[in-house]
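Within every chain, numbering begins at 1; the chains are lettered A, B, ... in the order of the sequence lines, protein sequences first and strands thereafter.
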There are 2 protein chains.
Amino acid sequence: MAKNEAHASIESYLAAKNLKHSRPRQEIIDTFIKADSHLTAEELYHLVKKKNPKIGFATVYRTLKLMCESGLCKELKFEKSGDCTRYEILKGREHHDHLICTHCGTVVEVFDAELERMQNRLFKLHDFYPQSHRLELYGTCKTCRKRGRGKVSGG
Amino acid sequence: MAKNEAHASIESYLAAKNLKHSRPRQEIIDTFIKADSHLTAEELYHLVKKKNPKIGFATVYRTLKLMCESGLCKELKFEKSGDCTRYEILKGREHHDHLICTHCGTVVEVFDAELERMQNRLFKLHDFYPQSHRLELYGTCKTCRKRGRGKVSGG
DNA sequence: ATGATATTGATTTTGATTATCATTATAATT
DNA sequence: AATTATAATGATAATCAAAATCAATATCAT
């Protein structure tokens with residue numbers, strides 16, 4: 001179960017670094033895991049605020065950073081959806097890339113094993129030791145096309 | 001020749017928008033095209049400053065923006081090389097993706113036709129109309145590995 | 001309960017990029 | 001060459017997400 005693996009990930013990180021289990025930290029982590037979507041810091045802040053109005057913005061940022069360091073989650077900086085960073089849970093999920101609708105902002109998680117192999121081929125070809133990659137596909141989703149947005153002229 | 005196509009691109013954009021040929025603008029464009037590398041605004045600023053010390057930072061930013069709008073160049077926002085945007089010339093060059101060494105910052109331009117096809121397959125599969133994509137491969141280059149940087153533990 | 005240390009929330013600061021604005025430059029016209 | 005309308009410049013201030021600061025508070029082993 002994703003939720004347990006996610007919690008285990010941050011738990012062991014906190015333990016290894018002698019960090020404490022505070023109430024706000026726990027609430028932020030739980031809210032983020034429960035939301036299970038590509039949130040911005042601000043969106044997460046508002047979600048957490050509903051449960052605990054005393055929570056500050058800084059703590060949300062700090063906790064997101066912590067979660068990223070622990071490997072629980074990851075920053076997403078898409079090209080065409082404002083300037084702010086989104087975050088997604090990694091633990092308990094398969095590796096995937098992102099397909100983003102430039103009109104409505106919908107994010108679809110995609111995967112192609114062959115595409116991964118091609119990428120490794122490129123690493124080898126140029127004699128790089130592979131660490132990570134980022135692939136984002138930008139386009140217009142079916143719904144937005146039906147609504148006449150993002151159409152090709154003359155299409 | 002890349003240089004001519006690049007110049008033609010920005011020229012026609014300026015003409016179409018009734019923009020003027022100023023000395024600073026011309027110097028910035030020329031310096032950028034001549035440098036022919038993945039520069040930051042600051043790097044370009046310092047390069048231009050050598051030729052014309054009166055040039056201001058704002059004009060460099062403005063001209064870079066103009067160049068991007070005209071399609072002459074493009075913003076690159078890599079994950080692991082600071083927070084600042086780099087820019088690269090597009091005109092007169094083939095489409096390519098980027099392979100980045102996370103240690104020395106070297107950027108290698110790569111291309112794989114099959115990989116492009118895979119990407120289009122994903123667009124189709126999810127019923128998206130394709131607009132663009134971004135693929136970045138992060139790893140350690142040969143030189144950095146030889147210098148003992150970016151080695152796998154126990155490698 | 002105590003003490004050492006980590007965490008919090010409010011606030012300020014940072015750093016890259018944009019916007020503002022008075023002055024100057026451009027380019028077409030007279 | 002002077003005129004004119006418009007665009008561009010450079011200096012500076014504003015913006016905005018994210019990070020740093022700091023006094024007050026919470027955590028947790030003892």
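When all heavy atoms of B/Ala41 and B/Tyr87 are compared, the closest pair comes out as N-CE1, 4.2 Å. Nearest heavy atom pair, residue A/Phe111 against residue A/Glu116, reads CE1-CG, 3.6 Å. The two atoms that bring A/Glu69 and A/Tyr13 nearest to each other are OE1-OH, 3.0 Å, heavy atoms only. Listed here is the closest heavy atom pair of B/Tyr138 and A/Arg134: OH-NH2, 4.0 Å.
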- Message: Let's go through B/Lys77 and A/Glu79 carefully: what are the C-alpha distance in whole Å and the side-chain angles of both, what is the deciding distance for side chain to side chain contact (heavy atoms under 4.5 Å, CB included) to 0.1 Å, and is it a yes or a no?
- Response: CA-CA 8 Å; B/Lys77 300 196 179 186; A/Glu79 276 179 358; over 6 Å; no
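Other residues, nucleotides and ligands contribute over 12 non-hydrogen atoms within 6.0 Å of the CZ atom of A/Arg121. Shown here is B/Lys80, whose NZ atom has more than 12 heavy atoms of other residues, nucleotides or ligands within 6.0 Å.
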For nucleotides 1-4 of chain C, tabulate all protein N/O to nucleotide N/O atom pairs closer than 3.5 Å, reporting atom names and distance.
none

Are there any protein N/O atoms within less than 3.5 Å of an N/O atom in nucleotides 10-12 of chain D, and if so, which ones and at what distance?
unit_1, atom_1, unit_2, atom_2, d
D/dG10, OP1, B/Lys54, O, 3.2
D/dG10, OP2, B/Gly56, N, 3.3
D/dG10, OP2, B/Thr59, OG1, 2.5
D/dG10, N7, B/Arg62, NH2, 2.6
D/dG10, O6, B/Arg62, NH1, 3.2

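Within the 4.0 Å cut-off from OP1 or OP2 of C/dT8, at least one side-chain nitrogen or oxygen of A/Ser22 is found. Proximity of B/His21 to the phosphate of C/dA27: a side-chain N or O atom is located under 4.0 Å from OP1 or OP2. Considering only side-chain N and O atoms, A/Arg25 lies under 4.0 angstrom from the phosphate OP1 or OP2 of C/dT7. When the side-chain nitrogen and oxygen atoms of B/Thr85 are compared with OP1 and OP2 of C/dA16, none of them lie within a distance under 4.0 Å. Remark: A/Tyr61 is not in phosphate contact with D/dA19, judged by side-chain N or O atoms under 4.0 Å from OP1 or OP2.
Stem regions annotated for DNA chain D: C:1-30 with D:1-30, counting only runs of 3 or more consecutive pairs of Watson-Crick or G-U type with both contacts under 3.5 Å.
Side chains of B/Asp112 and B/Met118 form no contact here, defined as non-hydrogen atoms less than 4.5 Å apart. You'll find the side chain of A/Leu47 reaches within 4.5 Å of the side chain of A/Leu39, heavy atoms only.
Side-chain atoms of B/Thr63 come within 3.5 Å of backbone N or O of B/Thr59 as a donor-acceptor pair.
D/dT27 atom C1' lies 13 Å from atom CG of A/Leu14, rounded to whole Å. One interatomic measurement links the two molecules: NZ of B/Lys65 to P of C/dA16, which rounds to 18 Å at whole-angstrom precision. The nearest whole Å value for the distance from the CD atom in A/Glu27 to the C1' atom in D/dT27 is 15 Å.
Interface residues of residues 69-77 of chain A facing DNA chain D, ordered by number: none; criterion, heavy-atom separation under 4.0 Å. Residues of residues 35-43 of chain A that place a heavy atom closer than 4.0 Å to DNA chain C do not occur.
For the residue pair B/His98 and B/Glu136, no side-chain donor N or O sits within less than 3.5 Å of a side-chain acceptor on the partner. A donor atom on one side chain and an acceptor atom on the other are not found under 3.5 Å apart for A/Lys65 and A/Tyr61.
Shown here are the salt bridge (charged side-chain N to carboxylate O under 4.0 Å, His left out) partners of B/Arg86, two or more places apart in sequence or in another chain: B/Glu43.
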